[in-house]
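Below: the structure, in structure tokens.
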Amino acid sequence: MEAHLPRLWRYGLSLSRNPSVAEELVQSTCVRALERQAQFRQGTNLRAWLFTILSSIWKNHLRAEKVRTGGGFADPETELVFDGSDSMETNNLFQRVLSEVSELPEAQRQAVMLVYVEEFTYREAAHILEVPIGTIMSRLSAARGKLAGLDPSATPARRTRDGEVEKN
Amino acid sequence: MSSAGTADHPRDEDLVAYLDGELSLSDRQALDQALSDSAPLRQRLELLRQGDRPFRAAFDTLLDQAPMDRLMAALPEPTLSASVIATSNAPAPRPANDWHSIGVAAMLLLTLGIGFAVGFGTSSDQAGKREVALLAELDEMEAELEEAEAAADAAPVVAAKGWRQAVADYQMLFTTESLTPDQGGAAALALASERVGLPLDPATRAASGLQFRRAQLLAFNEKPLVQLAYLGDDGVPVAFCIIASNKPEADTQYEVRNGLGIVHWIIGGYGLMVIGDLPEDRLSRIASDLRKSINL
């Protein structure tokens with residue numbers, strides 16, 4: 001499980017945009033994974049399973065908690081910018097990509113993280129987020145459109161196959 | 001991913017799935033055609049392509065910043081069962097990259113008789129491996145990884161994920177339409193039977209609710225891999241695959257790969273698997289029927 005910690009933390013960070021919340025998410029994920037290890041099927045994808053747990057915790061618990069306590073988890077001003085390490089400062093392109101992703105709406109950000117960063121298939125990402133594949137497709141399409149500078153109102157399909165309207 | 005609307009009126013979702021290599025073979029072909037017919041569609045594709053970024057490379061710069069000491073501290077003291085979880089990670093957690101998947105599938109499709117290989121290292125941490133009752137699954141994965149690593153020197157192309165993963169990647173490309181025309185020639189079946197050294201004819205009519213559609217002789221790690229393709233009554237593609245195996249015999253087990261159910265077992269020097277997007281109980285019944293039909 002250790003090998004997955006940095007990726008889980010990165011995913012938690014992208015969701016919460018808050019390093020301490022990211023740590024909290026990973027810790028809860030570890031605890032729950034061990035509690036539920038009987039449910040893990042040997043031979044299946046452990047990484048996907050851990051991401052599913054983290055997604056679920058984020059969705060069901062922490063977010064509600066932060067909203068209740070006004071923790072400001074979704075402060076849109078908070079970008080994925082870190083302790084000014086040299087590599088970050090010198091790499092403007094990567095920093096820009098982090099900022100752009102950070103500014104995407106949460107649902108799109110989550111899909112981008114799972115499919116483009118973690119390189120899960122659409123089907124795996126849909127399973128992790130417990131949404132239909134059409135929703136993943138719609139979120140990625142909206143994210144790409146936004147990053148390409150397309151005007152959302154001019155985008156032909158704003159509605160996913162399952163009828164969900166993407167929030168921007 | 002297959003959608004009736006893909007060919008007629010491709011939406012941004014379809015174009016992005018196309019760019020991401022996530023369309024089924026038939027949808028991809030339909031979209032290729034639509035793109036060649038429509039300049040506005042090609043422009044739209046190019047616009048969406050501009051929304052691509054080096055996402056992975058950018059985010060990989062964050063991995064080193066993970067506060068590992070604190071995250072590790074959150075892990076409970078190692079227990080026997082915790083070790084199982086840790087150990088099950090032995091084959092490096094290479095993401096299920098769609099390029100790799102497509103690569104594996106394409107090679108299975110195209111390189112009859114040519115095995116494929118691999119390109120990633122094992123987890124550096126082999127410690128503690130013996131302290132748990134090693135599951136047959138892990139042994140098998142390790143052996144496959146070693147085989148694959150040996151082959152990697154020659155052709156470091158595709159991530160080794162074992163034969164079942166390769167089959168699962170290939171199976172994802174199948175739709176009902178892939179198997180709608182009956183392609184089951186007796187010659188292919190005879191060749192497959194001969195190469196794998198088993199009479200396969202009974203397996204073509206053994207499982208109730210499945211129509212046999214085609215036999216294909218493929219290869220994995222330079223070993224013949226036979227795929228018998230069926231369509232369920234509900235149009236779900238199902239495959240029964242057989243490969244020679246020197247692994248110890250193992251009873252049927254169920255697993256999920258790429259969202260597809262798999263029942264697999266090892267008997268009489270063969271690894272066998274049934275794969276399809278079906279519930280476990282249905283897949284197990286099919287596997288039981290097919291298992292009886294093969295004289296092992």
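In the text below, chain A, chain B and the rest are named by the order of the sequence lines, each starting its count at 1.
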*asked:* Looking at chain A, which one of B:Asp52, B:Leu47, B:Leu15 has the largest number of heavy-atom pairs inside 4.5 Å, strictly under?
replied: B:Asp52

*Can you tell me how far the CG atom of B:Leu71 sits from the CG atom of A:Leu25, to the nearest 0.5 Å?*
11.0 Å

*Hey, is the main chain of B:Val16 close enough, under 3.5 Å, to the side chain of A:Arg144 for a donor-acceptor pair?*
no

_For B:Arg56 and A:Val97: C-alpha separation, side-chain torsions, deciding distance, then whether side-chain contact (heavy atoms from CB on, under 4.5 Å) applies._
CA-CA 10 Å; B:Arg56 183 169 175 192; A:Val97 173; over 6 Å; no

*Is a donor on one side and an acceptor on the other found under 3.5 Å between the side chain of B:Arg53 and the backbone of A:Leu147?*
yes

*Should A:Leu98 and B:Leu62 count as side-chain neighbours, where that means a heavy-atom distance under 4.5 Å?*
yes

*Applying side-chain contact (heavy atoms from CB on, under 4.5 Å), name anything that partners B:Glu249, two or more places apart in sequence or on another chain.*
B:Ile267

*asked:* Between B:Asp20 and A:Tyr116, does the side-chain contact (heavy atoms from CB on, under 4.5 Å) criterion hold? Intermediate values first, please.
replied: CA-CA 9 Å; B:Asp20 290 344; A:Tyr116 295 146; 2.6 Å; yes

_Heavy-atom closest pair, residues A:Met137 and B:Ala17_ = CE-CB, 3.8 Å

_Heavy-atom donor-acceptor pair, B:Glu22 side chain to A:Tyr122 backbone, under 3.5 Å_ = yes

*Can you check whether A:Thr44 reaches B:Arg257 side chain to side chain, under 4.5 Å on heavy atoms?*
no

_Steps toward side-chain contact (heavy atoms from CB on, under 4.5 Å) verdict (B:Leu63, A:Trp9)_ = CA-CA 8 Å; B:Leu63 288 174; A:Trp9 175 79; over 6 Å; no

*From CA spacing to verdict: salt bridge (Lys or Arg N to Asp or Glu O under 4.0 Å), A:Arg41, B:Glu280*: CA-CA 13 Å; A:Arg41 286 181 185 280; B:Glu280 180 175 356; 3.4 Å; yes

_Stepwise side-chain contact (heavy atoms from CB on, under 4.5 Å) test for A:Arg123 and B:Leu260_ = CA-CA 10 Å; A:Arg123 191 190 286 256; B:Leu260 300 171; 4.2 Å; yes

*Can you find a heavy atom in the side chain of B:Phe59 that is under 4.5 Å from one in the side chain of A:Val101?*
yes

_If you define the side chain from C-beta out and look only at heavy atoms, does anything of A:Leu150 sit under 4.5 Å from B:Leu48?_
yes

_Looking at every heavy atom in both A:Ala148 and B:Gln50, which two are closest together, and how far apart are they?_
CB-C, 4.0 Å

